[in-house]
There are 2 protein chains.
Amino acid sequence: MKIKNDHNLDFALILANHGVSKTKFRINLLNLFYEKESLTVKEVMNKFSNLINKVTIYRALVSFEEKGLIHKVPSSNNIIRYSLCNSDECSASLHKHNHGHFICNNCNQTFCLENYKSPDIKPVDGFYINSLNLILEGYCKDCHLN
Amino acid sequence: MKIKNDHNLDFALILANHGVSKTKFRINLLNLFYEKESLTVKEVMNKFSNLINKVTIYRALVSFEEKGLIHKVPSSNNIIRYSLCNSDECSASLHKHNHGHFICNNCNQTFCLENYKSPDIKPVDGFYINSLNLILEGYCKDCHLN
DNA sequence: CAAAATAACGCAATTAAGTTGCGTTTATTT
DNA sequence: AAATAAACGCAACTTAATTGCGTTATTTTG
């Protein structure tokens with residue numbers, strides 16, 4: 001399988017720099033994250049036409065997360081979403097976006113809301129904070145009309 | 001089962017005002033939401049010493065949500081949490097808190113972070129927004145030490 | 001206030017997300 | 001190129017959440 005690379009990025013190199021094995025699947029998976037704001041296991045399975053075992057996908061996502069390539073995105077359904085880390089905002093121990101994310105409760109797509117700014121991280125006594133997310137939910141244009 | 005009522009509130013009346021049946025369990029469940037910042041099905045089961053069938057709990061939570069008593073709280077694990085609606089901030093179609101919520105990734109407890117203020121809801125073209133949540137995750141004092 | 005209608009409840013069975021173990025294959029290290 | 005380590009696929013498993021249905025409790029109404 002070959003996925004078009006619109007980003008002029010060397011995904012294999014990015015994986016290597018993060019200490020992640022450069023398998024064909026993982027290179028394509030990283031590419032996919034550069035094309036989609038966020039992904040669930042099911043969405044990844046569909047993108048790879050169910051040719052990749054779901055266990056492989058779960059383990060790749062865990063590996064990407066451990067190595068600081070992606071992070072979880074909270075949502076109020078019970079499906080785990082992952083989103084690419086932004087080097088400007090994420091570090092190994094602290095993940096945030098500077099903007100809100102909208103999750104459609106019908107189609108489950110996520111969208112960046114650039115004019116919703118997240119507050120800065122400030123220490124709170126007794127809490128070890130490692131992620132901050134501003135989450136908006138509802139219905140996107142397509143799903144609201146139907 | 002009888003749960004102490006620290007709030008001088010008539011839970012049966014609140015249920016009636018929202019069009020929810022006043023069963024013993026639902027009265028006690030509403031009381032519980034006034035005592036805990038947020039609850040999962042499992043936490044409710046434990047609080048009722050597993051005497052209430054889990055299906056009953058699921059259906060009660062769905063009913064409470066539909067009638068605008070509680071709303072879902074996003075988190076990045078895959079467990080659905082519910083939190084009491086605040087009449088100042090929530091309406092039937094729009095749920096928000098004016099402050100952030102911290103979820104411990106170990107014990108799963110939630111805590112209000114009053115000095116993290118949520119941004120105001122502003123309309124975004126093409127999106128029908130019905131909830132806004134500022135979610136912080138990490139480890140609480142107890143879990144960070146262990 | 002009693003009968004009819006409606007909704008909640010409990011049980012059993014099912015669906016679906018996510019996890020674990022293990023033998024095999026592929027990538028990385030030396 | 002050989003040795004080591006990690007990824008992969010399969011099957012089986014765990015757990016959260018859902019559905020159907022007969023029974024019990026609550027609400028409506030006449």
Side-chain angles (χ1 to χ4, degrees), chain A residues 1 10-30 32 38-67 69-82 103 105 108, chain B residues 1 10-30 32 38-67 69-82 103 105 108:
Chain A
M1 178 178 317
D10 186 338
F11 296 116
L13 185 63
I14 296 172
L15 290 177
N17 288 342
H18 284 81
V20 176
S21 294
K22 301 173 282 180
T23 68
K24 282 186 225 104
F25 166 63
R26 289 182 178 205
I27 290 168
N28 285 328
L29 179 61
L30 183 59
L32 203 55
S38 77
L39 291 164
T40 63
V41 167
K42 204 173 189 177
E43 288 166 6
V44 173
M45 286 181 76
N46 290 339
K47 280 282 180 182
F48 288 91
S49 310
N50 300 302
L51 295 172
I52 303 293
N53 191 282
K54 67 171 179 172
V55 177
T56 301
I57 298 171
Y58 277 105
R59 292 202 261 236
L61 293 172
V62 168
S63 172
F64 280 22
E65 189 191 23
E66 284 172 352
K67 301 299 168 55
L69 277 168
I70 60 174
H71 61 257
K72 287 180 185 169
V73 180
S75 68
S76 57
N77 60 24
N78 66 325
I79 296 164
I80 297 178
R81 301 199 74 84
Y82 286 96
I103 301 171
N105 286 329
N108 280 313
Chain B
M1 179 179 316
D10 187 336
F11 297 115
L13 185 62
I14 296 172
L15 290 177
N17 287 342
H18 284 81
V20 176
S21 294
K22 300 173 282 182
T23 67
K24 281 186 225 103
F25 164 63
R26 292 185 176 204
I27 290 168
N28 285 329
L29 179 61
L30 183 59
L32 203 54
S38 77
L39 291 164
T40 63
V41 166
K42 203 173 191 178
E43 287 166 6
V44 173
M45 286 181 76
N46 291 339
K47 279 283 180 182
F48 287 92
S49 309
N50 300 303
L51 296 171
I52 303 293
N53 190 282
K54 67 172 177 172
V55 178
T56 300
I57 297 171
Y58 277 104
R59 292 202 260 236
L61 292 173
V62 168
S63 172
F64 279 23
E65 189 191 23
E66 284 173 351
K67 300 299 168 57
L69 278 167
I70 61 176
H71 60 258
K72 289 180 183 168
V73 180
S75 67
S76 57
N77 61 24
N78 65 327
I79 295 163
I80 297 178
R81 302 198 74 85
Y82 286 96
I103 301 171
N105 286 329
N108 281 312

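By convention in this document, chain letters (A, B, ...) are assigned in the order of the sequence lines, proteins followed by strands, and residues within each chain are numbered from 1.
Rounded to 10°, the helix from C:dC1-D:dG30 to C:dT30-D:dA1 has 50° between the axis fitted to its first five pairs and the one fitted to its last five.
Nucleotide C:dT19 holds its C1' atom 15 Å from the CD1 atom of A:Ile57, rounded to whole Å. If you take CG of A:Asn77 and P of D:dT18, they are 11 Å apart, rounded to a whole angstrom. Summarising the geometry, the separation between CG on B:Asn17 and C1' on D:dT27 is reported as 16 Å, rounded to the nearest angstrom. A straight line from CD of A:Glu66 to P of D:dA6 spans 12 Å, rounded to a whole angstrom. In this structure, B:Ile27 atom CD1 and C:dA8 atom P are separated by 13 Å, rounded to whole Å. Computed from coordinates, the A:Leu29 CG to D:dC8 C1' distance equals 14 Å when rounded to whole Å. Remark: P of D:dT15 and CD1 of A:Ile80 are 15 Å apart, rounded to the nearest angstrom.
Remark: A:Thr56 is in phosphate contact with D:dG9, judged by side-chain N or O atoms under 4.0 Å from OP1 or OP2. When the side-chain nitrogen and oxygen atoms of B:Lys22 are compared with OP1 and OP2 of D:dT26, none of them lie within a distance under 4.0 Å. One finds a side-chain N or O of A:Tyr58 lying less than 4.0 angstrom from the OP1 or OP2 phosphate oxygen of C:dG18.
For the pair B:Arg81 and A:Gly19, both in contact range of DNA chain D, the more 5′-proximal nearest nucleotide belongs to A:Gly19. Remark on DNA chain D: of its neighbouring residues B:Val55 and A:Arg26, the 5'-side contact belongs to A:Arg26, judged by nearest-heavy-atom nucleotide. Toward the 5′ end of DNA chain C lies the nearest nucleotide of A:Ile79, the other residue of the pair A:Ile79 and A:Lys24 mapping further downstream. Between A:Val41 and A:Thr23, the one whose closest nucleotide on DNA chain C sits nearer the 5' end is A:Val41.
When side chains are defined from C-beta on, B:Leu61 counts as touching B:Leu29, because their heavy atoms get closer than 4.5 Å.
Under a 3.5 Å cut-off, the side chain of B:Lys67 and the backbone N or O of B:His18 do not form any donor-acceptor pair.
Nucleic acid contact for B:Arg59: base, since at least one base atom lies under 4.0 Å from a heavy atom of the residue. In this structure, A:Lys54 reaches the bases: a heavy-atom distance under 4.0 Å links it to at least one base atom across the strands shown. Nucleic acid contact for A:Asn78: sugar-phosphate only, since backbone atoms but no base atoms lie under 4.0 Å from a heavy atom of the residue.
Screening B:Val44, B:Val62, B:Thr40 for a side chain to side chain contact (heavy atoms under 4.5 Å, CB included) involving B:Ile57 leaves a single residue, B:Val44. Of the candidates B:Asn53, B:Leu30, B:Thr56, B:Thr56 is the only one forming a side chain to side chain contact (heavy atoms under 4.5 Å, CB included) with B:Phe25.
The side chain to side chain donor-acceptor pair (under 3.5 Å) test applied to A:Asn46 returns no partner, not counting sequence neighbours. Looking at residues two or more places apart in sequence or on another chain, you find no ring pair (Phe, Tyr, Trp, His ring centres under 6.0 Å) involving A:Phe64.
Taking every side-chain heavy atom of B:Ile52 into account, C:dG10 is the closest of C:dG18, C:dA7, C:dG10. Candidate nucleotides C:dC11, D:dT26, D:dC8 were compared by shortest atom distance to the side chain of B:Ser21, and D:dT26 ranks first.
Between the side chains of A:Ser38 and A:Arg81, at least one donor N or O sits under 3.5 Å from an acceptor N or O.
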